[in-house]
Amino acid sequence: MEFVVIWSGLANIFFFCTRERVSTMRTSWADLAASSAAENVAAGSANNCGAGTTTAPGRSAYVPPHLRNRPASSDPPAAANSGPAVGSDRSGHVGSRWGGGPRNDYNRSGYSGGSRGGSGWGGSRGGGWDRGRGDREVNPFGDEEDTEEAFGEQENTGINFDAYEDIPVETSGENVPPPVNTFAEIDLGEALNQNIRRCKYVKPTPVQRHAIPISLAGRDLMACAQTGSGKTAAFCFPIISGIMKGQSMPRPARGARTVYPLALILSPTRELSMQIHEEARKFSYQTGVRVVVAYGGAPINLQLRDLERGVDILVATPGRLVDLLERAKVSLQMIRYLALDEADRMLDMGFEPQIRKIVEQMDMPPPGVRQTMLFSATFPREIQRLASDFLSSYIFLAVGRVGSSTDLIAQRVEFVHESDKRSHLLDLLHAQRANGVQGKQSLTLVFVETKKGADALEHWLCLNGFPATTIHGDRTQQEREQALRSFRSGNTPILVATDVAARGLDIPHVAHVVNFDLPNDIDDYVHRIGRTGRAGKTGLATAFFNENNTSIARSLADLMHESNQEVPDWLLRFAARSAYSGGRNRRSGGGRFGSRDYRRDSSFNRGGSDYYSGGSNNNNNSGGGYGGVSGGYGGGGGYGGSGVTSAWD
DNA sequence: AAAAAAT
């Protein structure tokens with residue numbers, strides 16, 4: 001039968017302390033600014049703010065595009081860093097668990113060690129891409145000599161582990177492998193260990209501590225972890241390591257131009273795919289494992305050429321991948337690892353058919369043969385149900401407190417009428433500027449609802465002396481990438497974005513996320529604010545709320561409450577009003593503990609209503625719904641039920 | 001109702 005384990009540094013009290021604030025984490029704007037290290041400006045060239053809409057007073061810091069210099073070191077976009085940890089870790093290898101899972105044997109069976117080398121494969125894996133062709137692997141760390149100093153942005157490589165110390169973790173499923181405390185405990189292989197050192201990761205983040213052993217044991221995984229907590233490495237390390245350790249076998253020779261990746265990583269936006277690709281390239285440097293990215297909006301020919309040079313790990317957005325599959329440029333029949341990042345988004349209405357096509361209707365090995373890993377910060381139970389089609393005897397892992405937003409993000413909500421939003425935003429920006437909290441070291445990300453709205457606001461901000469740019473789906477891919485570069489580098493310290501930028505993007509120095517227009521879905525809110533407060537750093541999120549946002553009032557109030565945020569009385573009144581009048585979102589209920597394994601509360605719910613069910617209870621009752629204490633859930637009935645909200649109703 | 005994702 002299934003059993004549940006709760007890992008926590010403070011296991012027996014985590015339930016009762018979820019309301020405590022980690023006080024050392026809390027910081028003011030000024031502190032935020034001060035703690036942001038100088039960022040070297042890189043990308044020059046135009047953002048759409050400059051030339052056309054030039055104007056205005058007070059833009060002292062703003063340098064028009066044609067005057068911007070372009071520093072010599074233009075190479076590494078990869079230097080954009082994310083992820084955790086500094087320092088080094090020993091390389092000791094402890095007992096190897098390799099080949100432990102049935103799936104690890106998959107690649108050994110049959111062909112074992114086939115030396116047919118149809119495509120330069122014999123023996124050394126890596127598709128022969130850097131052998132025999134004279135190709136040289138570009139150093140993704142962007143440092144020519146030694147890695148030590150070139151990566152000098154210490155500040156943003158350091159994850160604040162204190163912030164994660166007492167984080168509650170829930171796992172469920174059969175035979176859950178225990179977590180590890182150091183990278184050294186895991187046998188990832190020397191090449192990968194060296195890259196971990198180059199990335200200055202000292203020790204694994206909580207999600208990594210748990211997810212990596214699970215994956216290495218060959219198990220399928222559904223993982224729910226806070227934004228900014230190191231998920232990418234959590235699924236990349238086992239994949240890379242597994243590919244290195246696996247016997248290489250010849251790819252089928254069919255269609256000389258068809259390539260056969262061993263791992264597939266899917267993500268919902270092009271920019272996120274790019275980011276994952278860059279990370280994965282760093283992790284696989286000099287391992288012989290080759291990572292290729294494919295996404296729409298960019299010339300397919302370049303991507304095809306890249307693929308033909310060999311691919312072990314393919315990172316892609318769904319549309320472009322389907323295209324490649326239909327052209328028979330890519331076959332999935334050798335896939336051993338499948339990872340879906342932002343998995344709940346990948347399986348929601350817009351994406352599900354495409355994902356099903358890729359995963360179920362092409363030539364990918366079925367669950368149980370391949371290994372599947374799903375990651376997201378939010379995991380609605382309905383989506384969990386869909387996702388279970390892709391998994392085999394999987395382990396559910398939830399890391400982090402309430403709703404995957406963190407105490408690291410100070411959330412504010414302000415009542416702002418629609419007509420006042422612009423001037424209110426301007427007030428905020430002026431205040432930031434006055435505090436010195438704005439500019440290259442301190443970025444502001446503004447979310448709006450529509451693409452047109454994004455353009456309009458960007459233009460207006462520029463007119464008013466605040467250099468801004470915008471990213472949304474109506475812009476060309478070039479423009480999107482340019483906007484992101486310009487924002488990242490601080491040349492344009494304000495980015496107006498639609499939800500295309502809501503998920504996954506790791507942009508250091510985002511100090512402030514403004515929800516100019518609130519989303520209708522609380523999960524989208526969680527992802528949006530997760531663009532700040534990353535890698536253990538603090539951040540600020542401000543939301544403009546008005547009568548158009550009543551549908552999110554309840555879940556927003558719940559979320560803020562559970563994240564130890566002050567909830568304004570007026571918001572509680574909106575929440576109370578909409579609570580029973582159907583203010584429920586398409587798929588979510590409200591209260592939350594990130595998520596819990598839907599397999600575990602199926603017995604509790606009758607209509608499959610709310611995936612978080614116990615969520616709002618968790619912090620309120622001390623009965624502890626987790627350790628399987630009976631009644632933890634039943635009482636109060638989650639949402640729209642009775643008695644749940646008594647603490648602050 | 002909107003956004004994203006192939007051409």
Side-chain angles (χ1 to χ4, degrees), chain A residues 264-277 293-304 306-307 314-330 332 340-359 361-362 376 378 383 418 445-458 470-481 483-484 495-505 515-528 531 546-552 582-588:
Chain A
L264 176 63
I265 301 172
L266 291 172
S267 98
T269 66
R270 298 163 183 176
E271 287 76 13
L272 184 54
S273 286
M274 297 172 55
Q275 177 181 304
I276 294 168
H277 173 238
V293 68
Y295 54 82
I300 198 167
N301 284 336
L302 293 176
Q303 293 173 5
L304 283 173
D306 213 13
L307 285 168
L314 176 59
V315 183
T317 49
R320 176 56 59 91
L321 178 60
V322 168
D323 190 9
L324 292 168
L325 292 169
E326 285 174 347
R327 298 186 193 202
K329 298 298 184 186
V330 172
L332 301 178
L340 302 192
D341 200 9
E342 307 298 341
D344 63 330
R345 166 62 89 226
M346 302 303 282
L347 293 170
D348 82 3
M349 291 197 324
F351 271 122
E352 196 209 354
Q354 272 178 304
I355 301 302
R356 280 199 189 277
K357 174 161 189 172
I358 293 167
V359 177
Q361 291 155 34
M362 304 303 289
S376 183
T378 53
I383 303 285
E418 210 59 42
L445 179 53
V446 183
F447 282 104
V448 296
E449 195 60 19
T450 66
K451 294 177 278 197
K452 283 180 63 173
D455 282 334
L457 184 58
E458 174 242 5
T470 183
I471 185 168
H472 60 69
D474 274 355
R475 304 200 77 194
T476 66
Q477 191 54 28
Q478 259 196 330
E479 290 171 324
R480 287 165 57 159
E481 289 170 24
L484 203 50
L495 178 66
V496 183
T498 59
D499 271 331
V500 69
R503 284 169 173 262
L505 296 187
N515 274 290
F516 188 89
D517 300 318
L518 273 164
N520 294 315
D521 187 322
I522 192 66
D523 288 343
D524 291 333
Y525 172 86
V526 169
H527 285 275
R528 284 180 178 187
R531 292 322 94 211
N546 62 37
E547 61 283 350
N548 298 326
N549 306 116
T550 50
S551 72
I552 204 183
R584 185 171 297 181
N585 305 315
R586 104 185 112 96
R587 58 187 194 194
S588 53

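Just so we're on the same page: letters track the sequence lines, and every chain starts at 1. Just so it is clear, the structure is predicted and the values come from calculations on it, not from any experiment.
In this structure, A/I355 places its CD1 atom 14 Å from C1' of B/dA6, rounding to the nearest Å. The nearest whole Å value for the distance from the CZ atom in A/R528 to the C1' atom in B/dA2 is 10 Å. Separating the CG atom of A/L321 from the P atom of B/dA5 is a distance of 15 Å, rounded to the nearest angstrom. Counting to the nearest Å, the C1' atom of B/dA1 and the NZ atom of A/K451 are 12 Å from each other. Distance, A/D521 CG to B/dA1 P: 17 Å, rounded to whole Å. Rounded to whole Å, the distance from CG on A/D348 to P on B/dA4 is 13 Å. Rounded to whole Å, the distance from CZ on A/R356 to P on B/dA5 is 22 Å. If you measure from atom CD of A/Q303 to atom P of B/dA6, you get 9 Å, rounded to the nearest angstrom.
Between A/H472 and A/A454 the shortest heavy-atom distance is CD2-CB, 3.8 Å. Closest heavy-atom contact between A/Q303 and A/Y295: NE2-O, 2.9 Å.
Between A/D323 and A/R327 there is a salt bridge, since a side-chain N of the basic residue sits under 4.0 Å from a carboxylate O of the acidic one. With salt bridges taken as basic N to acidic carboxylate O contacts below 4.0 Å, none links A/K452 and A/D455. The residues A/D523 and A/R503 are annotated as not salt-bridged, no charged nitrogen and carboxylate oxygen being separated by less than 4.0 angstrom.
An OP1 or OP2 oxygen of B/dA4 is reached within less than 4.0 angstrom by no side-chain nitrogen or oxygen of A/R345. The phosphate of B/dA4 (OP1 or OP2) has a side-chain N or O of A/T498 nearer than 4.0 angstrom.
Residue-level contact check: A/D323 touches the bases, meaning some heavy atom is under 4.0 Å from a base atom. Contact annotation for A/G350: base contact, defined as any heavy-atom pair under 4.0 Å involving a base atom. When heavy atoms are screened at a 4.0 angstrom cut-off, A/V500 is found touching the sugar-phosphate backbone but no base atom. If you check every strand for non-hydrogen atoms under 4.0 Å, A/R327 touches nothing.
Secondary structure note: stems in DNA chain B built from 3 or more consecutive Watson-Crick or G-U wobble pairs under 3.5 Å do not occur.
The local environment of CD in A/Q361 is crowded, with over 12 non-hydrogen atoms from other residues, nucleotides or ligands closer than 6.0 Å.
For the residue pair A/Q477 / A/E481, a side-chain donor-acceptor distance below 3.5 Å is found, with atom types taken as modelled.
Considering only side-chain atoms of A/N520, the nucleotide from B/dA3, B/dA5, B/dA1 that sits closest is B/dA1. Ranking B/dA4, B/dT7, B/dA5 by closeness to the A/R320 side chain, first place goes to B/dT7.
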